[in-house]
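Below is one structure, written out as structure tokens; the observations come after it.
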Amino acid sequence: MKILLAYDGSEGAKRALEVVVELVREGDRVTVVGVAEGVPLYGYAGTLPSEAQQEERRRQVEEAQSALARPGLAATLVLQGGDPAAAILDEAEKQDAELIVLGTRGLSTTERWLVGSVSTRVLHHARCSVLVAR
């Protein structure tokens, strides 16, 4: 199975990682994608992540890769920038993922209304199955 794990080091992402660790079997391929968002001024248009944000995301996805390290399992890392939902969906298409696994951040109703929920957007636009860990 081709699994895409969206990982940002948050508590929700750590729960998603735990789910993937339990799900994967020998021969499965896991892609760990981390998205350095940058600071949005008007939505996500034109945002660029800082060097520190990129390095932090790299460290986080390497943490996930270490948790997945075992014989017979291929785990690759992908770092993206920009809108997290769009980056996750784009990478799932590129990898021909059969399952996307991601966590929730526990946004308030107002935060979801203002910035939107990444997990909700991925769930509604993905072309494969999506598992949201809580």
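Because the structure is predicted, anything quoted here is derived from the model rather than measured.
Shown here for L73 and L68, the closest heavy-atom pair between the two residues is CD2-O, 3.0 Å. Heavy atoms only, all atoms of each residue included: C128 and L99 are closest at SG-N, 4.0 Å. Taking each heavy atom of S119 and L102 in turn, the nearest pair found is CA-CD1, 3.6 Å. Across every non-hydrogen atom of I88 and A6, the tightest pair is CD1-CB, 3.5 Å. Minimum interatomic distance between G103 and A16 (heavy atoms only, all atoms of both residues): N-CB, 3.7 Å. The minimum heavy-atom distance between V35 and G82, with the atom names listed, is CG1-O, 3.5 Å.
With values rounded to the nearest 0.5 angstrom, R70 atom CZ is found 9.0 Å from D28 atom CG. A distance of 11.5 Å separates CG in D90 from CD in Q95, rounded to the nearest 0.5 Å. Note that NE2 of H125 and CD of E93 are 12.5 Å apart. Values are rounded to the nearest 0.5 Å. Once rounded to the nearest 0.5 Å, the distance linking CG of L77 with OG1 of T31 reads 9.0 Å. With rounding to the nearest 0.5 angstrom, the CG atom of L79 is 9.0 Å from the CD atom of E55.
Inter-residue side-chain proximity for T104 and R15 is flagged as met; some heavy-atom pair is nearer than 4.5 Å.
Applying the salt bridge (charged side-chain N to carboxylate O under 4.0 Å, His left out) test to E11 and every residue at least two apart in sequence or in another chain returns nothing. By the salt bridge (charged side-chain N to carboxylate O under 4.0 Å, His left out) test, D96 is found to be paired with K2, residues two or more places apart in sequence or in another chain being considered. Residues forming a salt bridge (charged side-chain N to carboxylate O under 4.0 Å, His left out) with E62 (at least two apart in sequence, or on another chain): none.
One hydrophobic cluster, built from ILVMFWY side chains closer than 4.5 Å, cannot hold both I3 and V33; they sit in different ones. Linking Ile, Leu, Val, Met, Phe, Trp and Tyr residues whenever their side-chain heavy atoms come within less than 4.5 Å leaves L131 and I100 in two separate clusters. Placement of V132 and V101 in two distinct hydrophobic clusters is found when ILVMFWY residues are connected by side-chain heavy-atom separations under 4.5 Å, directly or transitively.
Looking at Q54 and R57, their side chains never bring a donor and an acceptor atom within 3.5 Å of each other.
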side-chain contact (heavy atoms from CB on, under 4.5 Å) assessment of L17 paired with E63 = CA-CA 10 Å; L17 174 59; E63 171 186 291; 5.6 Å; no

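With hydrogens and angles ignored, the 3.5 Å screen pairs no side-chain donor or acceptor of R25 with any backbone N or O of M1.
For R134, the CZ atom sits in a loose shell: 12 or fewer heavy atoms of surrounding residues, nucleotides or ligands are nearer than 6.0 Å. Under a cut-off of 6.0 angstrom, the local environment of CZ in R58 is crowded, with over 12 non-hydrogen atoms contributed by other residues, nucleotides or ligands.
Comment: R59 engages E56 in a salt bridge, judged by a side-chain N to carboxylate O separation of less than 4.0 angstrom.
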